[in-house]
Number of protein chains: 2
Amino acid sequence: MGFQETFKALSDPTRREILHLLRDGAKTAGEIGSHFDMTGATVSHHLSVLREAGLISDDRRGKYIYYELNLSVLDEITGWIAGLKGDRSDEA
Amino acid sequence: MGFQETFKALSDPTRREILHLLRDGAKTAGEIGSHFDMTGATVSHHLSVLREAGLISDDRRGKYIYYELNLSVLDEITGWIAGLKGDRSDEA
DNA sequence: GGAACGATTAGATGATTTTCTAAATATCTC
DNA sequence: GAGATATTTAGAAAATCATCTAATCGTTCC
């Protein structure tokens with residue numbers, strides 16, 4: 001993890017849309033993929049980028065793999081931004 | 001502008017450090033560049049990415065170009081994240 | 001005007017990224 | 001176990017990106 005991976009993950013519109021899709025609950029890779037005009041392999045790749053960034057987690061249930069939002073990493077981002085907005089120069 | 005450019009701009013560690021450097025006031029391109037072990041041309045490129053993302057603005061004063069933080073775009077980012085954390089499915 | 005300095009732009013190169021097709025893995029059902 | 005379904009992994013191609021060197025632009029000062 002780290003800001004590097006997180007921001008990189010968020011920099012792709014497909015991946016941001018995936019996060020949006022997961023707002024109202026976990027979805028399978030297939031359900032997520034059906035929202036996009038690209039192959040399942042490509043969606044799978046995006047899911048793995050999001051997973052490596054810690055933005056989603058996966059939950060295997062039988063034949064399906066459910067993905068769900070993981071919001072804690074986003075808190076780190078807002079924290080980083082807040083640190084940028086604070087004007088104290090002794091901060092990390 | 002748009003999230004695309006903003007997140008992409010934030011995804012590079014050099015650029016995030018530049019933003020950090022500008023927390024306590026405007027600096028010239030040269031001052032910024034002296035903090036990094038890369039050519040001035042490369043730093044200039046990073047500054048232009050940040051400028052196009054709306055994260056910094058430039059102010060030419062004579063021979064020097066001063067760069068300073070532009071925080072409003074960061075507010076849009078925190079707004080987007082907040083929207084992701086809200087669970088209402090009728091939101092944009 | 002010309003030299004000196006601060007900074008950007010142009011063009012090239014190697015690395016990374018996005019996407020695809022094809023093949024592989026995992027699970028369920030018969 | 002074989003076939004069907006859900007998903008990922010492997011490998012390749014095109015696009016984008018970070019970085020460099022060299023050349024250019026803008027300003028100041030003599």
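None of the values given here were measured: they were computed from a predicted structure.
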Practice task
List, by chain and number, the other hydrophobic cluster members for B/Val49, where Ile, Leu, Val, Met, Phe, Trp and Tyr join if side-chain heavy atoms come within less than 4.5 Å, directly or indirectly.
Solution key: none
Practice task
Identify the 5'-most and 3'-most nucleotides of DNA chain D with at least one atom closer than 4.0 Å to a non-hydrogen atom of chain B.
Solution key: D/dC17 to D/dT28
Name all residues meeting the side-chain contact (heavy atoms from CB on, under 4.5 Å) criterion together with [X]; count only those two or more places apart in sequence or in a different chain, and write none if there are none.
X	answer
A/Leu22	A/Ile18, A/Lys27, A/Ile32, A/Ile56, A/Tyr67, A/Leu69
B/Ser44	none
B/Arg61	B/Asp59, B/Tyr66
B/Ser34	none

Exercise for the section: Using ring pair (Phe, Tyr, Trp, His ring centres under 6.0 Å) as the criterion, list what pairs up with A/Phe7, not counting sequence neighbours. Expected result: A/Trp80
Exercise for the section: With sequence neighbours excluded, tell me which residues meet side chain to side chain donor-acceptor pair (under 3.5 Å) with B/His46. Expected result: B/Arg15
Exercise for the section: Tell me, please, which residues at least two apart from B/Thr39 pass side chain to side chain donor-acceptor pair (under 3.5 Å). Expected result: B/Thr42
Name the pairs: protein N/O against N/O of nucleotides 28-30 of chain C, kept only if under 3.5 Å.
none

Practice task
Produce a footprint string for nucleotides 9-20 of chain C: one letter per nucleotide, 5' end first; B if the base is under 4.0 Å from any protein heavy atom, S if only the sugar-phosphate is, - if neither.
Solution key: B-------SSBB
Practice task
Compute the bend angle of the helix from C/dG1-D/dC30 to C/dC30-D/dG1 from the end axes (five pairs per end), rounded to 10°.
Solution key: 20°
Problem - Sugar-phosphate only, base, or nothing, as touched by B/Tyr67 at under 4.0 Å among non-hydrogen atoms - result: sugar-phosphate
